[in-house]
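Below, all heavy atoms of this structure are taken into account, side chains as well, without hydrogens, waters or symmetry copies. Every chain is numbered from 1, with letters handed out A, B, ... down the list of sequences.
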Amino acid sequence: MPQSTPIYNFPYPCEREDVTIASFANLANAIDAKMAQVASDEFEALNRYSQRLTSASNVINPGVDTVIVGADSTYTIPASGVWVVDATTVTLASPATITSRRIRVRKNAVVQYGSKQNTEVFFIDSRATGMFVAAAGDTISFQVLYTGTGTWTASVAWTATMFVRIA
Amino acid sequence: MSTCLTCSTDGTLADVALRLQATALEAEACIFEQEKLLRSAVNKATFISTTTAPFNRSTLSGVYQTIVAFGSPAVTFDNLAFGGFDTIFLPGGVYLVGCSLNATAVGAVTDNSERSIQLRTISPDNVEQNSAYYTVYETNTGGGMDMSFSSVFVCQPGEVGDAQFAHTNTGSDITIAAGCVLWATRISDISALKTV
């Protein structure tokens, strides 16, 4: 009765058993399959999931917490793991006045974290960054809120990077 | 010639089965060592903690108070085996560290008052080694202040991570809402061990 190694189950014939061509082939194929898996791990180590895009422009009204829509406004997590998502508002057309600005990062429509800026004196875009665990298929999206007058046209520039792969 | 597998030196075929067994075990041992190294490269030491309850920071007008271990923190993710929420031990290395929270006045809002987070590490002899600050100013537009930032720290073995919060809202205390996140992920060793 053939035995196998304790970790990867590489098969080998026992002493006094008939050694056939299959004995060699089975061991070689098992080692080859394991090496292919290790090569895949190496690829994942060198090529972490990472995405950097800017969403389509959105018109945002004062006091309305607006979910950003349009092209490249969401990201579907490709593999389960620990992710860092960084998002910054990009002003395309300024409102008449602005006293505060906030951007929030969402996972499956649930707010994870955000950044709010007091813009009474300075006109600065908001940047939110944070880390969370996400499963394959989770959707990352963004929402923006400002106070002031007039409409604000903006897009969101964002990056999503995997730091730890889960399973 | 492979450095993992040894060649048979005798010429008999009687122990072919034993030779295959030895080959299988040697291959497994060699591959296992390589796989362990790859797994370490793929899975950077990382921890995330998230508070499950709100907690207040009193009006000490700009004095930093620790927020670690407050708000009933729970482990969201940990492959670092850190020491606990009162002492976050970081094995030596270069880390990306971060914090996100919402700070809202319990009562009266002091317009344009300061809200500030400090992330830092402390050596075993209680000397601050790394420090990063993030400050915003209360907008008084409702909903408190969302704050999030990250920084890169170089940590020596034995340093302890800490997060502090300060505010100048003289009108009332500040509540840190549930969902305050502290996180750290190891980017690399402190120094390159091998150059090409």
- Minimum heavy-atom separation for M131(A) to V181(B), with atom names? O-CG1, 4.2 Å

- Assert top hit (heavy-atom pairs under 4.5 Å, partner chain B, pool R127(A), M35(A), R48(A)) equals R48(A)

- Query: What are the two closest heavy atoms between F32(B) and Y8(A), and how far apart are they?
  - Reply: CA-OH, 3.2 Å

- Message: So, taking the atom named OG1 in T135(B) and the one named CG in N118(A), what distance separates them when rounded to the nearest 0.5 Å?
- Response: 12.5 Å

- Hydrophobic cluster membership, Y113(A) vs I77(A), 4.5 Å side-chain cutoff: yes

- Task: Taking the side chain as every heavy atom from C-beta outward, state whether S100(B) and T129(A) have any pair of such atoms under 4.5 Å apart.
- Result: no

- According to a 4.5 Å side-chain heavy-atom criterion applied to Ile, Leu, Val, Met, Phe, Trp and Tyr, with indirect links allowed, do I122(B) and I67(B) form part of one hydrophobic cluster? no

- Task: Examine whether an atom of L27(A) lies under 4.5 Å from a heavy atom of chain B, and if so say whether it belongs to the side chain, the backbone or both; otherwise answer neither.
- Result: side chain

- Taking every heavy atom of K116(A) against every heavy atom of M145(B), the minimum-distance pair comes out as O-CE, 3.3 Å

- At a heavy-atom separation under 4.5 Å, does V84(A) approach chain B through its side chain, its backbone, both, or neither? side chain

- Among T141(B), V136(B), T76(B), single out the residue with the greatest number of heavy-atom pairs under 4.5 Å to chain A. T141(B)

- Item | Which of M162(A), Q112(A), R102(A) touches chain B most, by non-hydrogen pairs under 4.5 Å | R102(A)

- Message: Using only atom types and a distance under 3.5 Å, with no angle test, would you say the side chain of S148(B) pairs donor to acceptor with the backbone of G114(A)?
- Response: yes

- Query: Does V59(A) share a hydrophobic cluster with V90(A), counting links as ILVMFWY side-chain heavy atoms below 4.5 Å and allowing steps through other members?
  - Reply: no

- Item | Q34(B) versus chain A, the contacting section by heavy-atom distance below 4.5 Å | neither

- Message: Can you tell me how far apart OG1 (T23(B)) and CZ (F24(A)) are? Round to the nearest 0.5 Å.
- Response: 8.5 Å

- Note on the structure: chain A shares the most heavy-atom pairs under 4.5 Å, among N112(B), T46(B), N140(B), with N112(B)

- Message: Between K34(A) and E35(B) (salt bridge meaning N to carboxylate O under 4.0 Å), is one present in this structure?
- Response: yes

- Task: Check V164(A) against F77(B) and note the closest heavy-atom contact, atom names and distance.
- Result: CG1-CZ, 3.8 Å

- CG (N102(B)) and OG (S115(A)) are apart, to the nearest 0.5 Å, by 11.5 Å

- Item | Which portion of T147(A) sits near chain B, non-hydrogen atoms under 4.5 angstrom | side chain

- Note on the structure: For L20(B) and V19(A) the tightest heavy-atom approach is CD1-CG1, 3.9 Å

- Query: Can you get from Y64(B) to V68(B) by hopping between Ile, Leu, Val, Met, Phe, Trp and Tyr side chains that sit under 4.5 Å apart?
  - Reply: no

- Cluster link V106(B) to I174(B), ILVMFWY, side chain under 4.5 Å: no

- If one checks every heavy atom of L37(B) against chain A at 4.5 Å, the contacting part turns out to be neither

- Measure the CZ-CD distance between F10(A) and E26(B) for me, rounded to the nearest 0.5 Å. 12.5 Å

- Message: Give me the atom names and distance for the closest heavy-atom approach of L38(B) to E42(A).
- Response: CD2-CA, 3.8 Å

- Passing option when E28(B) is tested against I7(A), I31(A), N9(A) for side-chain contact (heavy atoms from CB on, under 4.5 Å): I7(A)

